[in-house]
2 protein chains.
Amino acid sequence: MAVTIRDVARAAGVSITTVSRALNGYPDVNPETRRRVLEIAEQLNYRPNQVARSLVTQHTRTVGLLVSDFTKSRGGMYFMYDVLAGVHDGLAQHGYDMHLVSTTTTRQRLVSYLDFCTERRFEGVIVMGIRLDDPYVHEVVESKLPSVVIDLPLLSERCGYVMTDNVNGARFAVRHLVSKGHRTIGFVNGVPYAAVCVDRRRGFEDGMRAHGLQPDPELMEEADFTVEGGAAATRRILERRPDVTAIFYASDLMAIGGMREAVKVGRRIPQDLAVIGFDNIDLCEFVQPALTTVGQRKYEMGKSAADMLIGMLDQNLPPEGRMLAPDLIVRRST
Amino acid sequence: MAVTIRDVARAAGVSITTVSRALNGYPDVNPETRRRVLEIAEQLNYRPNQVARSLVTQHTRTVGLLVSDFTKSRGGMYFMYDVLAGVHDGLAQHGYDMHLVSTTTTRQRLVSYLDFCTERRFEGVIVMGIRLDDPYVHEVVESKLPSVVIDLPLLSERCGYVMTDNVNGARFAVRHLVSKGHRTIGFVNGVPYAAVCVDRRRGFEDGMRAHGLQPDPELMEEADFTVEGGAAATRRILERRPDVTAIFYASDLMAIGGMREAVKVGRRIPQDLAVIGFDNIDLCEFVQPALTTVGQRKYEMGKSAADMLIGMLDQNLPPEGRMLAPDLIVRRST
DNA sequence: TTTCGCATCGAAAACGTTTTGGACATGGAC
DNA sequence: GTCCATGTCCAAAACGTTTTCGATGCGAAA
C-alpha cells in the first residue's frame, strides 16, 4: 500500500541500505547518489515508517502521560491544563512524543499502568493526579521504567518527582492571615489520600505553632476539593465556631465554595471572614471578591518534570526530588 | 533485554506460532498446551511488544489528537478540556489509544500534520481548535487519512466534522435579549478566521432581522476571545453608542471582560446593560452576576467526534457533518 | 486396508526499517 | 608491484510479532 524504502531503492537503482543512509544523512554515500535518492523519495512521496524504525532501533521516543480519570476530576482541570502544557513543551523541545493515557483506559482493559506502558515500549512516563494509595502507581515507581511523578513525593532508582513545597505554602498562608491580625483560623483540607494534603496540613499546624497558636480540631475540616465540599465544610466550621475570623483552604475551588457559603449566612468577606486558597487557578481573579491564594507554578511543574525525565533518558542523569517554591498572591479576600 | 515470544516458546518447548496462538486465544491449540504457555508467559513476565505487533498487523490502534498551541490559547482550555475528555472516553471505549500532538510540535520539526501522522501510522486523527486558514489542516482533510474536525465545517471523502449549531445559538441569544425588551443590541464577535465566528455573526444578524431589527455596524466589534479583548471592544461600543442596552458576546471570556468594563464605567448588570455569552464554561457560574450564555455540549462534541472516527475505521461508515444543538442557559446577567 | 476428517503443531515468510561486515575500485605511497 | 587508505556501495541479519501453508498423527468411516 504505502510506499516503502524498498520502492525508493528500486526506483533509484540502489540498495535499501544506500537509501537509508542517504535519507538519514550518513557520510558514506556519494553526493550525486544522495541527491538522486532524495529527489526520488520526494517524487514518490515516501514517508518512513516510524513503527518499523522503532522496532529495529528499540526506541519509540514516546512517553506516556498518566492522568487519573479525566471525566471525574472536573476540578483538577484548572490545575492540570497548565501542567499538561508544560509537560508537552518540555517533551516537544527534545523531540519526544506524548501519549495520553488515563486510568480509565487501563482499568477498562484490565491492565496495570506499567504493563500498558511496557507493551507500547514507552521510554518513560509522567504521572499526575494519582491517589497516594493507588497500588498501580507504586508498581511503576518501583519498576525499571523511568518515571517522574507530579505531586507525590516518590523517589526511587528510576523515579523522580516534582511538587510544590506545600508545607511552606501553607505556612505562608498562615503567616499572611496572622499578619492581618487573625488568631482564630480555620482550615479546610482536601482528601486525606492526596499527598499534597498531608503536607498542607503539616504546614498549617507548623505555621500556627510558629505564631504561638494552637491548631484546634474544632476549626479543622476535610472536603473533596470541590466547591460544594468546601461550602459544606465551611458551614460546619461556622456553626461549631462562630468566632472564626479566617479560613485557609487547601484548594481554590473549596475556598470559592467557602466564600459562597459564608456570604449566604451573612458574613462579609474579608471584613467578617478572611479567605485564602491554594493553587492560584484562573478562577481566583474572577470571583467576588478576588481570591487571595498560595500560587503553584503549574506550567513550571510540568516543564520541570519533562526535563527531568528527558535528562534520565538522554543523558542518564539520576532522578531527583524537586520542590518548587510557592508564592503568596494577595487579592481582596483577605 | 526484554523477554520475547521466542523466550516463552523455548521455555514451553513449543514453537512461537503456538505461543502466539495460545496467547491470542486461537482455537487450534491443545488446552493443556495453552495452559502451560499461559503459565510460562506469566512466570517469565512476558509482555507482547505492540510495536512489533503493529508492524505486522499494519494497525496501531492509535489516533492523533491535533490541537493548536497549548500554551498560547489559555482561554481555549475551558472549552478544550471537556472536549478532550469526550474524545478520550470515546476512543477508550473502543480500544483506541490517543496520541496528543500540538501544532507547536509539528512546526518545530518542520513537518506537516499529515506527514507527522502518517509517519507514525496513526489510523485516524481528530482536529480541534485550528484556524480556518491553516493550510496544513486542509492537507489533512483532503488526504486519505480518516479524520474528523471539531468546530470547522469541513467535509470530504474521508473527513467529517462535528460542531455546535452556532447560527441557531446566536439566534437564541438574540431572541432571548429581545424577549427581555432589548432593541439596541451590541455584538462582540471573535476572530474572523475562526469558523464559529462567521456562523455566530450570521446567526446574530439573522436573529436581529427576524425580530425586525437592523444589525448596526456601529454596534458590532471584533476581539480575540480574551477577557481583555472583550473589555476593549465593549469600551468602544459603549463610547460610540451609549444607548446600547444589551450585548451578545461570541465567547464567555469576552463577555466577562465586557461585564468588568461595563461595571467600571458605572453600568449595572443587568439593569443598565444585559450581557450574554457563548460556550457555557465553568466560569459563568462564578462571576458576579452569573453569566447567561449559549451552552455548547462540549463533552458530547468530543465523544461524537471519537465515535464517528471509530465508525469510519471499524465499520467503514462514511463521514458526516454533525450539528449539535446549543441550549440557552439563563442566569443573572440578563 | 484405504481414506478421510480432525486436532494439533511448526517452518517460514512477511511487516519496513537500521546496522554490521564486508566487497570493490581507485589512487597514492613505498 | 605491493600495500594501504579511502570512498562508495550492498547482502544479509536483526528487531518481535502474525499468519499462511502444510505436516503429522490418530481415530473413524468406507
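Residue numbers start from 1 in every chain, and the chains themselves are labelled A, B, ... in the order their sequence lines are given, proteins ahead of strands.
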For C/dT18, does OP1 or OP2 lie under 4.0 Å from any side-chain N or O of A/Ser20? yes
Looking at the base of C/dG10, is there any donor atom on it, or on the side chain of B/Arg21, that sits under 3.5 Å from an acceptor on the other one? yes
Pick base, sugar-phosphate or nothing for B/Pro27, based on heavy-atom distances below 4.0 Å to the nucleic acid. nothing
Have a look at B/Thr17 and say if it touches a base, only the backbone sugar-phosphate, or nothing, with a 4.0 Å heavy-atom cut-off. base
Base, sugar-phosphate or nothing for A/Thr33? Non-hydrogen atoms, less than 4.0 Å. sugar-phosphate
Taking side chain to side chain contact (heavy atoms under 4.5 Å, CB included) as the test, write out the residues that go with B/Thr164, two or more places apart. B/Asn166, B/Gln296, B/Met301, B/Pro326
A/Asn24 side chain near C/dT18 phosphate (N/O to OP1/OP2, under 4.0 Å): yes
Within 45 degrees of the ring normal and closer than 6.0 Å to the centroid, is that where the cationic atom of A/Arg297 sits relative to A/Tyr299? no
What do the steps show when you test B/Arg47 against B/Asn45 for side-chain hydrogen bond (donor to acceptor under 3.5 Å, both in side chains), and what is the final call? CA-CA 6 Å; B/Arg47 296 289 170 262; B/Asn45 203 27; 3.0 Å; yes
Could you tell me whether B/Val51 contacts a base, only the sugar-phosphate backbone, or nothing, with contacts defined as non-hydrogen atoms closer than 4.0 Å? nothing
Check whether any side-chain nitrogen or oxygen of A/Gln58 sits under 4.0 Å from OP1 or OP2 of D/dA14, and answer yes or no. no
Look at all strands and tell whether A/Asp28 reaches a base, only sugar-phosphate, or nothing, counting heavy atoms closer than 4.0 Å. base
Can you list every ring-ring contact (aromatic ring centres under 6.0 Å, His included) pair that touches residues 122-154 of chain B, not counting sequence neighbours? B/His99-B/Phe122, B/Tyr113-B/Tyr136
Counting any heavy atom closer than 4.0 Å, what does B/Thr57 reach on the DNA or RNA strands: base, sugar-phosphate only, or nothing? sugar-phosphate
